[in-house]
Amino acid sequence: MTQSAKDIVSLGVYPTPVERLPTLGTDKTALWVKRDDLTNPVYGGNKVRKLERLLFEARRREKKRIVTVGAAGSHHVLATALFGAREGFAVDAVLTPQRETPHVVENMRADLALGARLFTARTYPGAALGMLLHGGRDAYLVAVGGSNVVGALGYVDAAFELADQIAAGALPEPDAVVVTVGSGGTAAGLAAGFALAGLRATVIGVVVSAPAFAIRFWTRRLAREVFWRRAHAEGKLVRTDPARRLELPARWLGAGYGEPTEEGRRAMAVAADVGLALDLTYTAKCFAGALHYVQSARFSNVLYWHTLSSAPLAPLLEKAPDVPARLGRLLRA
Ligand SMILES: *Cc1c(COP(=O)(O)O)cnc(C)c1O
């Protein structure tokens, strides 16, 4: 099977804008932002580009259901509930425990309002097993975060989109692209895509989930797989290892996935001053990294790739039920 640029269900509005953040740059380094918060007006962020590929693949295989996994407040599960239902699929998700925050509770309520069937597991391996148990001939199974080869191909498309914006003069070619790494599909797709599009940027994937060694291993492997898949589909013979342009620092992770850090909180305040809303689980830690790389003067142009939806959740919560007790057990104090 080959994947071409047309193998998508169209969900997003592209290209997403690129903007300069002049007050946060230095004499040596300019800071830019790629606004993937705006991929869709109802629910944006980085899951949209992945689902364009994943839902296409599910339809091509004539599946009726999507079965996926995530933490209780998973953005990926919410995006799958929304766009999966919109494209005519039933959506089942197996959720794992997460620290309780208002954001997590809202996401679970939105999942329910969108008609997703939610199941619980105590651990991530348990959730993976649960996904298999809820599978079947009619089901398309989607990995955590939508980060399999098919999903990550959406970020190869995004790399080509950025190449077009650079060619059109919207921004200078960045020498570093800083992006959050949860399950790694976004960073892997970008690294593979930049290699294919002839862009030189180092992809700095700020690791926000644990254990970091496993996340690094998986992200590098995914970058290679996606690269070969796409290079093969296009009949290109490019001899390069896209994983070599990936740096995967874990120094902004703190105590673990979903555990806020002081540095993250500070970065969140800095971003709020320039009109960029961040979250403590993913983007605050990543933006702390981006600010560090600007200050380090190692690069001329740093592009922070924004992955969090900025669409208001209120419309999705209008008819949302409360979280029932059987799901409330997932929420840790
Ligand atoms: C899911 C998510 C990420 C992580 O993306 P991966 O491709 O899983 O690494 C980053 N930021 C936000 C806001 C997300 O929802």
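Because the structure is a prediction, the values reported are computed rather than measured. Computed over heavy atoms, backbone and side chain alike; hydrogens, waters and symmetry mates excluded. Counting starts at 1 for both ligands and their atoms, in listed order.
Classification of the H75-Y43 ring pair by plane angle, with boundaries at 30° and 60°, yields tilted. The aromatic rings of F194 and W305 sit tilted relative to each other, their planes meeting at an angle between 30° and 60°.
Atoms of ligand 1 lying under 4.0 Å from at least one heavy atom of K50, given by number and element, are 6 (P), 7 (O), 8 (O). Against a heavy-atom cut-off of under 4.0 Å, S147 is close to the following atoms of ligand 1: 7 (O), 8 (O). For ligand 1 and T180, the ligand atoms under 4.0 Å from any heavy atom of the residue are 9 (O), 10 (C). Close contacts between ligand 1 and T186 involve ligand atoms 5 (O), 6 (P), 7 (O) [criterion: under 4.0 Å to a heavy atom]. Atom numbering of ligand 1 starts at 1 in the shown order; those under 4.0 Å from a heavy atom of V181 are 9 (O).
When only non-hydrogen protein atoms are considered, atom 1 (C) of ligand 1 lies nearest to K47 NZ, 1.5 Å. Closest protein heavy atom to atom 8 (O) of ligand 1: S183 OG, 2.5 Å. The shortest contact between atom 15 (O) of ligand 1 and any protein heavy atom is with H75 ND1, 2.6 Å. The single protein non-hydrogen atom nearest to atom 11 (N) of ligand 1 is T307 OG1, 2.7 Å, given as residue, atom name and distance.
Within the 4.0 Å heavy-atom criterion, the part of N46 lying near ligand 1 is the side chain and not the backbone.
Distances between N or O atoms of L308 and those of ligand 1 include no value under 3.5 Å. Between A187 and ligand 1, no pair of N/O atoms sits closer than 3.5 Å. The N/O atoms of G145, backbone and side chain alike, include none that comes under 3.5 Å of an N/O atom in ligand 1.
With no hydrogens or angles considered, a side-chain donor-acceptor pair links T68 and H76 at under 3.5 Å. Using modelled atom types, one finds a donor on one side chain and an acceptor on the other under 3.5 Å when comparing K50 with S147.
Contact annotation: the side chain of F287 never approaches that of T180 to less than 4.5 Å [non-hydrogen atoms, C-beta and beyond]. Side-chain contact check for Y155 versus V226: every heavy-atom pair is 4.5 Å or farther apart.
Here the closest non-hydrogen pair linking L78 and D111 is CA-OD1, 3.1 Å. Shortest non-hydrogen contact noted between V91 and G84 is CG2-CA, 4.0 Å. Residues V323 and G328 come closest through the heavy atom pair CG1-N, 3.7 Å.
Distances shorter than 4.0 angstrom occur between a heavy atom of G184 and an atom of ligand 1.
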